[in-house]
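Take a look at the structure below.
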Amino acid sequence: MQRRDAIENIIKNIDDELVICNIGFPSRELYDIKDRDENFYMIGSMGLVSSIALGLAISKPDKKIVIIDGDGAFLMNLGSIATIFSQHPDNLVWIVINNEAYGSTGNQETYAKNLDLKEIAKGVGFENSYNLEDIDFKDVLNKNELTFINYNVKAGNSKAPIIPFTPIQIKNRFMDVIK
């Protein structure tokens with residue numbers, strides 16, 4: 001299974017949740033699989049989907065927020081896991097698609113090959129820290145609890161198209177949905 005398959009598995013369980021997606025190929029693949037106004041496609045800010053999602057989770061406590069992150073981006077902004085745990089938004093589900101590679105820049109290896117991301121989250125204090133293959137994802141979405149999910153996949157990119165929206169258009173359509 002590759003990242004695109006993982007995103008398909010995630011999005012088939014999404015109803016009205018807000019999805020904040022990592023830059024590059026993950027956003028392109030999500031756009032190609034199921035474009036929705038409730039998807040925020042990150043453009044040009046690697047590692048920051050978790051920070052954006054935290055602000056959104058705090059400002060919209062009655063709305064479920066789902067992060068689709070990558071292992072490289074997660075490791076780039078590792079400090080955000082402590083901040084998110086400290087704020088402890090019960091409406092946030094953080095999924096790290098772990099392909100042990102920087103997919104959008106040529107599939108160079110990340111340090112995730114030497115780390116257990118689920119255990120990092122547990123070490124910070126995330127009680128609800130799982131590998132995706134060990135849980136029923138729909139069940140997790142239906143609970144109100146801060147959750148971290150490591151989703152192991154193989155490296156590789158699909159032939160997903162470029163997203164035809166400018167960053168301003170992405171922001172504006174997303175802002176219209178969350179008003």
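If you read the sequence from its start, that first residue is 1, and numbering goes on from there.
Val49 is not listed as a side-chain neighbour of Cys21, based on a closest heavy-atom distance of 4.5 Å or more. Within the 4.5 Å cutoff, the side chain of Asp37 has no heavy atoms near those of the Asp176 side chain. At a threshold of 4.5 Å between non-hydrogen side-chain atoms, the residues Ile178 and Leu18 count as touching. Using a 4.5 Å heavy-atom cutoff, the side chains of Phe174 and Arg36 are not in contact. Considering only heavy atoms from C-beta on, Ile43 stays 4.5 Å or farther from Ile23 through its side chain. Counting heavy atoms from C-beta on, the side chains of Phe137 and Ile10 come closer than 4.5 Å. Using a 4.5 Å heavy-atom threshold, the side chains of Pro161 and Arg28 count as separate. Contact of the Asp5 side chain with the Val153 side chain is not registered, since no non-hydrogen atoms from C-beta on lie closer than 4.5 Å.
Residue pairs meeting the salt bridge (Lys or Arg N to Asp or Glu O under 4.0 Å) criterion with at least one member in residues 56-76, sequence neighbours excluded: Asp16-Lys63.
Looking at residues two or more places apart in sequence or on another chain, you find no salt bridge (charged side-chain N to carboxylate O under 4.0 Å, His left out) involving Lys34. A search for side chain to side chain contact (heavy atoms under 4.5 Å, CB included) contacts involving Asn142 returns Lys138, not counting sequence neighbours. In this view, Tyr31 satisfies the side chain to side chain donor-acceptor pair (under 3.5 Å) rule with no residue, not counting sequence neighbours. For Lys113, the salt bridge (charged side-chain N to carboxylate O under 4.0 Å, His left out) partners two or more places apart in sequence, or in a different chain, are Glu109. With sequence neighbours left out, the salt bridge (charged side-chain N to carboxylate O under 4.0 Å, His left out) criterion links Glu17 to no other residue. Applying the side chain to side chain contact (heavy atoms under 4.5 Å, CB included) rule to Ile168 yields the partners Thr166, Asn172; only residues at least two apart in sequence or on another chain are considered. Applying the side chain to side chain contact (heavy atoms under 4.5 Å, CB included) test to Asn152 and every residue at least two apart in sequence or in another chain returns Asn98, Asn131, Glu133, Asn150. With sequence neighbours excluded, no residue forms a side chain to side chain donor-acceptor pair (under 3.5 Å) with Asp116. Contacts of Asn13 classified as side chain to side chain donor-acceptor pair (under 3.5 Å), with partners at least two apart in sequence or in another chain: none. Residues that satisfy the side chain to side chain contact (heavy atoms under 4.5 Å, CB included) test with Ile52, not counting sequence neighbours, are Ile20, Phe40, Met42. Every residue meeting the side chain to side chain donor-acceptor pair (under 3.5 Å) condition with Asp32, not counting sequence neighbours, appears here in chain and number order: Arg4.
For CD of Gln169, the number of neighbouring non-hydrogen atoms (other residues, nucleotides, ligands) closer than 6.0 Å is greater than 12. Counted within 6.0 Å of CE on Met175, heavy atoms from surrounding residues, nucleotides or ligands total 12 or fewer; the atom is thus considered open.
We find that Asp134 and Lys118 are not joined by a salt bridge, their nearest charged nitrogen and carboxylate oxygen being 4.0 Å or further apart.
At distances below 3.5 Å, not a single donor-acceptor pair connects side-chain atoms of Ser129 with backbone N or O atoms of Phe126.
Aromatic ring pairs are classed by plane angle as parallel below 30°, tilted from 30° to 60° and perpendicular above 60°; the pair Phe148 and Phe74 is tilted.
Contact record, Ile67 with Ala53: CG1-CB, 3.3 Å, taken as the closest heavy-atom pair.
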